[in-house]
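A short write-up of the structure that comes next.
Residue numbers start from 1 in every chain, and the chains themselves are labelled A, B, ... in the order their sequence lines are given, proteins ahead of strands.
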Amino acid sequence: MSVAIVGVGQTPFSRNCGVSIRELCFEAFREALEDLNLTSKEIDASIICSAPEYDKQRSPAGLISEYLGLTPKPTFYAESICSSSSTGVKVGYSFIKSGLHEIVAVIGFQKMSEISSAEVQERMGRGADTQWESPFGTMMPAGYAMYARAHMQKYGTTEEQLAKIKVKSGKYALLNPLAIFRREITLEECLKARVIASPLKMYDCCANADGASCVIMASEEKARKTTDTPVWVAGIGAASDTLSTTGRSNLTGLTCAVDAAKQAYQMAHLEPKDVDVAEVHDCFTIAEIMAYENLGFCKPSEGGKLIEESQTYIGGKIPVNVDGGLLSKGHPIGATGGSQIRTIVLQLQGRAGKTQVKGAEVGLVHNIGGIGVYGNVTLLRR
Amino acid sequence: MSVAIVGVGQTPFSRNCGVSIRELCFEAFREALEDLNLTSKEIDASIICSAPEYDKQRSPAGLISEYLGLTPKPTFYAESICSSSSTGVKVGYSFIKSGLHEIVAVIGFQKMSEISSAEVQERMGRGADTQWESPFGTMMPAGYAMYARAHMQKYGTTEEQLAKIKVKSGKYALLNPLAIFRREITLEECLKARVIASPLKMYDCCANADGASCVIMASEEKARKTTDTPVWVAGIGAASDTLSTTGRSNLTGLTCAVDAAKQAYQMAHLEPKDVDVAEVHDCFTIAEIMAYENLGFCKPSEGGKLIEESQTYIGGKIPVNVDGGLLSKGHPIGATGGSQIRTIVLQLQGRAGKTQVKGAEVGLVHNIGGIGVYGNVTLLRR
Amino acid sequence: MSFDKFGKISYLSETKVADFAKYLEKGKIMATRCNTCGKLYFPPQADCPDDLSTDMTWEKLSGKCKLLTYTTAHFAPAGFQDDVPYTIALAQCEEGVKVYALLSRNINENEICIGMDLKLTPLQFPNGRITYELKKA
Amino acid sequence: MSFDKFGKISYLSETKVADFAKYLEKGKIMATRCNTCGKLYFPPQADCPDDLSTDMTWEKLSGKCKLLTYTTAHFAPAGFQDDVPYTIALAQCEEGVKVYALLSRNINENEICIGMDLKLTPLQFPNGRITYELKKA
Ligand SMILES: [Zn+2]
Ligand SMILES: [Zn+2]
């Protein structure tokens, strides 16, 4: 029995949504159910995905499932920080495949605007090992910056190559009405921006955001009754790496992504060259370059060259993040994975508008939690 | 293909464990693997279960899975407050049943001693609807007290009957070396204790605690290779009720438990009378009385009579919480469900010592998150 | 106007139904009604899950209600400790919706009985914050 | 002795390896070694996942290490804002374990290069708190 994604939804990602988390989720849920032959009463279970402590509501699963009219169906909260909603999709897949449920809603959200950026980084810092690493003033940009430094040292990757990731991002974000930043950015602007954590500068980093996403999954039988354009889950991979930086053996790539990709390709009987369009977790520019290598779009060391040669633009070898990616869309932690999946689903359904990759049949989503702690790769097929 | 529980572990539940959360989890994990033909390297995935904000560590899944040596296997964090580890067991079941994984570790923990009891209640209060109910000074005892008041009004349940739940709890806790409170309590002591939230008094309420639990689940094939005494997951049910009190239609029982029980009995092809021993979520005495009714151990209205007649002692109609229950063991939120499952697994394996229910073949675990928000019922079979 | 003046302690400042607080300051306790299916929501909400509609109208509650259940808290979460004892109640409004609020301090604990008539009433704290409470009818 | 004196800001006060802080005050940076399998752990841990043993011995590190990677933070999380810029580093100890710490402020940013020799050294803050840092060898 195959498992399908039948509906996807997303709110605009913004700096200050001005609404409550349940209202935010409702908006994504409503888009996901649009045009489906499905009412909310037919949804068997929901999985609510986010990272805690950015807003005051604890245990939001009950709150949100009530507001969406999903009570008395079971619900719970799933978290793997930035990849929470990909984790939700994996659990949704197994709920359906195991026969426990037939239709599952995976709802991701984050409202980060209630607290300052330094407070957000403090919470993110406490997502590191609070005993041995947080006391040193850890934060997300610093973690990825250490990978960037090692990648530059070992492979000769340049700050210009990093900046070119952001230039691509800006170009496509211009066409994404849901993105926070919808403007093209020049290479020069990127290179002249202030340093956040060397060698990463302002435009090498994604922005905190408010937003929600929703993915509706269904068994093959239910999917066929619900929509004419189901998108099939072809492969799912998930792996972890140590939370501690000291536990890492590889400083120039994310082994959790390598492991997850291997599993997903194997399950789907697909190879990197079969992927027509991909969404990768570009929380920082270096993350996208490592993703190229970790997913097999190029060899290790050649990520910088791949963007240099514009091979990840539409028309290139493998179009990546043609919705603008996290760098321009914004990164509302729990909602991000669902947004990536939505982009690929729309691509495979031929509904991606100006950024449509023609004839896309196979899409990939690469969603990472923390600084390479939780790796998730999902392969979808038309 | 059947899914089994092959190993269970639990730390002592205590007021102040004095160790870090990963060290606490290690202890439960170690007991769970004892006597199994299994190394930690063979575990395919882990699910880390707790409720956030009681300690400073965010995203503990990565931290704990690293400390237990489970990296690079996938891990994530699952939460449904007090029923988090039952939720973990449900996800573990579906991971295995779906074919994604063969052996899964479900680890529940909570360290509540770092903050005061009023701070704990503040966090629990923010597990209610923070917009419309938390601003009124909500807390867990108040929520269950409102059910108690309605139950007393409608069915004539008495404070003496509530107290008798705690008297039973004390009797069995005396025999449980892992319980916080290991002493018998008289009916009089219970009735004379100070009021927390009328009509609930001190001994009607369970205590916050530190503790961890671990459940190792396996596919049928792997289970047979791992242990001679697998315990089978016969039925799993999960349901929700509204987070808001205003959304509730039933004030004398938890409909999420009724719904979850119905699913579990149906899946297992079992009836209430088939259950030989049960663990129910007695976070408050009234909760155990409602559980009797909601699980079908007696008719609605007759919960008070069932304890009055001592039918839930060993030797009675259906022995319930013969490990002392949450009321005497303590309630380290994320660890509680796993502890309940451990008790039933030991019963079905004939390893329950002085509290062994002779010939127990079928056991039930009833684990509730929040004030009747998340209902989980698991049926296990020898 | 934001929602952060509502309640003794506020945990949420932004919501589509922030106007509720504005009405409350003017002495009105408002619910919302879905213009699509006619369902009444209290606490008010901006969205109707039954038909996924967001087309709602504000509607005043009469305030007439009956006590469904209650508890008197003698222990309180951080931030509320100075208020004990206080009585939390759930009441049924004549319009069919339920309300969760504190019982007025003017009601003696021995007067309280399930089924009693109550009046849902706006309440202003000395510090300017606003809420509602359940008074004797 | 508890662990809450460790680091500029402490998020954790209780651990089985709290003695680490006691040793650190005496100028010693200690790892733990599993008596069952011989594996060395730094940061120290009280339990060995490889064999589920809890039988560990404290062992002093020489402090000799080499820089693996680093970053200079010009923006900081709440609580660390007054310290910017600071350089976070990962280094490889000669015993094989890695250490995560700040580079000493005495090292100029333009002197830093991956592979350089460093010395892991205890550091006491003026307020009595303790940590370790990476100095030029
Ligand atoms: Zn409606
Ligand atoms: Zn060892």
Side-chain angles (χ1 to χ4, degrees), chain A residues 20 22 45 51-53 55-59 61-63 65-66 70-81 83-84 87 90-91 93-101 123-124 126-127 129-131 134 236-244 247 255-256 259-260 369-370 373-376, chain B residues 20 22 45 51-53 55-59 61-63 65-66 70-81 83-84 87 90-91 93-101 123-124 126-127 129-131 134 236-244 247 255-256 259-260 369-370 373-376:
Chain A
S20 68
R22 58 183 142 193
E53 298 193 42
D55 67 84
K56 289 280 200 298
Q57 182 70 52
R58 289 179 70 246
S59 206
L63 182 96
S65 88
E66 175 179 0
L70 300 175
T71 311
K73 303 300 172 57
T75 186
F76 79 101
Y77 182 77
E79 180 264 321
S80 60
I81 337 183
S83 65
S84 297
T87 294
K90 177 185 165 181
V91 175
Y93 172 89
S94 70
F95 276 173
I96 293 167
K97 190 80 178 173
S98 68
L100 282 182
H101 300 298
R123 281 155 180 71
M124 288 186 180
R126 288 194 287 105
D129 180 338
T130 54
Q131 183 169 5
S134 307
I236 283 193
S240 69
D241 202 348
T242 60
L243 184 71
S244 71
T255 60
C256 68
D259 293 348
V373 182
Y374 310 104
N376 292 275
Chain B
S20 68
R22 56 184 143 192
E53 296 193 43
D55 68 83
K56 290 280 199 297
Q57 182 68 53
R58 289 180 69 245
S59 206
L63 181 95
S65 88
E66 175 179 359
L70 300 175
T71 310
K73 304 300 172 56
T75 186
F76 79 101
Y77 182 77
E79 180 264 321
S80 60
I81 335 183
S83 65
S84 297
T87 294
K90 178 185 165 182
V91 175
Y93 172 89
S94 70
F95 276 174
I96 294 168
K97 190 81 178 173
S98 67
L100 282 183
H101 300 298
R123 281 154 180 72
M124 288 186 181
R126 289 194 286 105
D129 180 340
T130 53
Q131 182 170 7
S134 307
I236 283 193
S240 68
D241 201 349
T242 60
L243 183 73
S244 71
T255 60
C256 68
D259 293 348
V373 181
Y374 309 105
N376 293 274

| field | Top contributor to chain A contacts, counting heavy-atom pairs under 4.5 Å, from B:Ser65, B:Gly62, B:Gly99, B:Pro72 | value | B:Pro72
| message | Donor-acceptor pair, distance only, cut-off 3.5 Å: does the side chain of A:Thr71 make one with the backbone of B:Asp241? | response | no
| task | Could you tell me which residues satisfy side-chain hydrogen bond (donor to acceptor under 3.5 Å, both in side chains) with A:Ser20, sequence neighbours excluded, listed by chain and number? | result | A:Glu23
| Which one of B:Gly247, B:Ala45, B:Ala239 has the most heavy-atom pairs closer than 4.5 Å to chain A? | B:Ala239
| message | Can you tell me how far apart OG (B:Ser94) and NE2 (A:His101) are? Round to the nearest 0.5 Å. | response | 8.0 Å
| field | Interchain contact, B:Lys73 with chain A, by part (heavy-atom threshold 4.5 Å) | value | backbone
| Looking at B:Ala61, B:Gly375, B:Gly369, which has the largest count of heavy-atom pairs under 4.5 Å with chain A? | B:Ala61
| field | Distance (rounded to the nearest 0.5 Å) between A:Phe95 CZ and B:Ser98 OG | value | 10.5 Å
| request: Report yes if some heavy atom in the side chain of A:Pro74 is under 4.5 Å from a heavy atom in the side chain of B:Lys90; otherwise report no. | output: yes
| note | Honestly, the part of A:Leu63 sitting under 4.5 Å from a heavy atom of chain B is both
| Is the A:Tyr77 ring parallel, tilted or perpendicular to the B:Tyr77 ring (thresholds 30°, 60°)? | perpendicular
| Side chains of A:Leu243 and B:Gln57: does their closest heavy-atom pair fall under 4.5 Å? | yes
| remark: Minimal heavy-atom distance between A:Phe76 and B:Ser80, with the atoms involved, is CB-CB, 4.3 Å
| message | Below 4.5 Å, heavy-atom pairs only: which of A:Thr75, A:Val373, A:Asp55, A:Ile236 has the largest tally toward chain B? | response | A:Thr75
| query | Does any heavy atom of chain B fall under 4.5 Å from the side chain of A:Asp129, the backbone, both, or neither of them? | reply | both
| field | Per-residue contact mode, A:Thr87 against chain B (heavy atom under 4.5 angstrom) | value | side chain
| In Å and rounded to the nearest 0.5 Å, what is the OG to CD1 distance from A:Ser59 to B:Ile81? | 3.5 Å
| message | Between B:Ser244 and chain A, with a heavy-atom cut-off of 4.5 Å, which part of the residue counts as in contact: side chain, backbone, both or neither? | response | both
| Which heavy-atom pair separates B:Ala51 from A:Arg58 by the least distance, and what is that distance? | CB-NH2, 3.7 Å
| chain A contact via B:Arg123 - side chain, backbone, both or neither, heavy atoms under 4.5 Å | both
| field | Contact origin within B:Ala260 toward chain A - heavy atom pairs under 4.5 Å | value | neither
| query | Among A:Ile96, A:Leu70, A:Val91, A:Asp259, which has the most heavy-atom pairs under 4.5 Å with chain B? | reply | A:Val91
| remark: Counting heavy-atom pairs under 4.5 angstrom with chain A, the leader among B:Lys97, B:Arg22, B:Gln131, B:Glu66 is B:Glu66
| query | Where does B:Glu79 contact chain A at under 4.5 Å (heavy atoms): side chain, backbone, both or neither? | reply | both
